[in-house]
Amino acid sequence: MAEYATKEEMRECKRPVSRTYVKREDDKFKAGARVDGDLNRSLIAARAQAGMKVTDWGATIGAGAECHFFQVKFTNQIEVSSRILGADAVAYVGVDLEGFVKEGSVMGAEARARATLGEFKAGPLHAHFGLGVSAAAKVEDGALELRLFGCGLTVGKKIGLSVFDNNVSVALAGKEGLWQLVGKKELSQTTTQD
């Protein structure tokens with residue numbers, strides 16, 4: 001597969017661009033394709049990745065694949081994105097103490113297969129609607145997640161509820177967490193009043 005355009009060329013492009021890639025990033029292999037789109041929108045986007053992440057405090061190994069239609073993303077002060085109609089499958093396991101503080105590092109395991117009708121994210125808010133079966137018992141990015149047959153909950157830096165992989169969650173802490181956004185708003189109000 002060939003790179004058809006760089007990120008900079010895609011940002012400047014007036015018309016949609018199709019792009020495929022195969023690359024190695026750290027200890028992960030990634031492959032994907034985007035049809036009729038750019039970094040912020042696409043008609044069809046598919047990707048697969050597999051690999052292992054090793055840190056000073058442990059390791060995480062996993063693989064996954066996904067395909068979605070009608071993907072849109074934009075960022076102003078917060079990132080807003082949506083994906084309509086798709087599917088994904090993921091499996092990973094980790095014994096990494098960084099799971100208590102970092103995303104991508106896991107203490108535990110997760111296996112997921114689901115179909116997506118719609119997935120939406122706006123800053124700290126995230127919602128997924130569809131159907132799936134998943135199981136998880138993990139700590140990732142400071143949140144404990146327990147799920148069986150797609151039903152479960154998440155508590156910690158993120159609070160969430162999942163029923164047959166229809167889930168809603170709110171990130172309380174982190175770079176796009178609710179408390180971070182409230183702090184930015186208070187800071188901007190203080191600055192404008194001075």
Side-chain angles (χ1 to χ4, degrees), residues 1 18-37 39-55 58-73 79 81-96 98-99 102-122 125-158 160-169 171 176:
M1 292 185 189
S18 294
R19 178 177 181 230
T20 60
Y21 63 91
V22 174
K23 62 183 175 179
R24 182 174 178 186
E25 199 171 273
D26 298 324
D27 289 331
K28 289 184 180 178
F29 290 97
K30 297 182 176 186
R34 184 178 294 119
V35 177
D36 200 24
L39 293 175
N40 297 318
R41 61 183 164 34
S42 62
L43 182 61
I44 302 170
R47 70 181 184 135
Q49 63 181 21
M52 181 169 70
K53 178 180 180 182
V54 178
T55 69
T60 302
I61 187 167
E66 65 180 36
C67 179
H68 288 90
F69 297 91
F70 312 114
Q71 209 168 304
V72 177
K73 177 174 89 171
E79 181 180 311
S81 63
S82 67
R83 300 192 285 189
I84 311 289
L85 300 176
D88 65 275
V90 173
Y92 56 89
V93 63
V95 179
D96 193 343
E98 284 191 356
K102 285 188 178 177
E103 190 171 357
S105 296
V106 176
M107 177 67 91
E110 178 175 19
R112 176 179 68 223
R114 65 183 182 180
T116 300
L117 291 175
E119 186 171 10
F120 310 96
K121 183 179 184 302
L125 307 174
H126 178 263
H128 175 271
F129 303 103
L131 185 61
V133 290
S134 62
K138 66 177 184 167
V139 174
E140 181 179 11
D141 194 23
L144 170 66
E145 187 172 346
L146 300 171
R147 209 169 50 241
L148 186 61
F149 299 115
C151 300
L153 55 95
T154 304
V155 290
K157 283 182 165 180
K158 182 166 69 169
L161 181 65
S162 181
V163 178
F164 300 113
D165 277 327
N166 289 284
N167 55 48
V168 177
S169 65
E176 284 200 358

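Listed by chain and residue number, R147 satisfy the salt bridge (charged side-chain N to carboxylate O under 4.0 Å, His left out) test with D165 (two or more places apart in sequence, or in another chain). Residues passing the side-chain contact (heavy atoms from CB on, under 4.5 Å) test with F29 are R24, sequence neighbours excluded.
Here D141 does not pair with K158 in a salt bridge; the nearest charged N to carboxylate O distance is not below 4.0 Å.
Residues I84 and F120 meet the side-chain proximity criterion, which asks for heavy atoms closer than 4.5 Å. Y92 places none of its side-chain heavy atoms less than 4.5 Å from the side chain of I61.
Taking CZ of R83 as the reference point, atom NZ of K121 lies at 11.0 Å (rounded to 0.5 Å). Once rounded to the nearest 0.5 Å, the distance linking CD of E66 with NE2 of H68 reads 5.5 Å. Atom CG of residue L144 and atom OG1 of residue T154 lie 8.0 Å apart, to the nearest 0.5 angstrom.
What you find for E140 and V106 is that their closest heavy atoms are CD-CG2, 4.1 Å. Nearest heavy-atom pair, S162 versus G150, reported as atom, atom and distance to 0.1 Å: OG-O, 2.7 Å. Heavy-atom minimum distance, V95 versus M107: CA-SD, 4.0 Å. Pairing each heavy atom of N166 with each of G130, the nearest pair is OD1-N, 2.8 Å.
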Would L43 and F70 count as a side chain to side chain contact (heavy atoms under 4.5 Å, CB included) here? Give the steps.
CA-CA 5 Å; L43 182 61; F70 312 114; 3.4 Å; yes
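Without hydrogens or angle criteria, S105 side chain to D96 main chain gives no donor-acceptor distance under 3.5 Å.
No more than 12 heavy atoms of other residues, nucleotides or ligands shown are found within 6.0 angstrom of CZ on R47.
Tested against E119 for a side chain to side chain donor-acceptor pair (under 3.5 Å), the candidates H126, Q71, H128 yield a single pass: H126.
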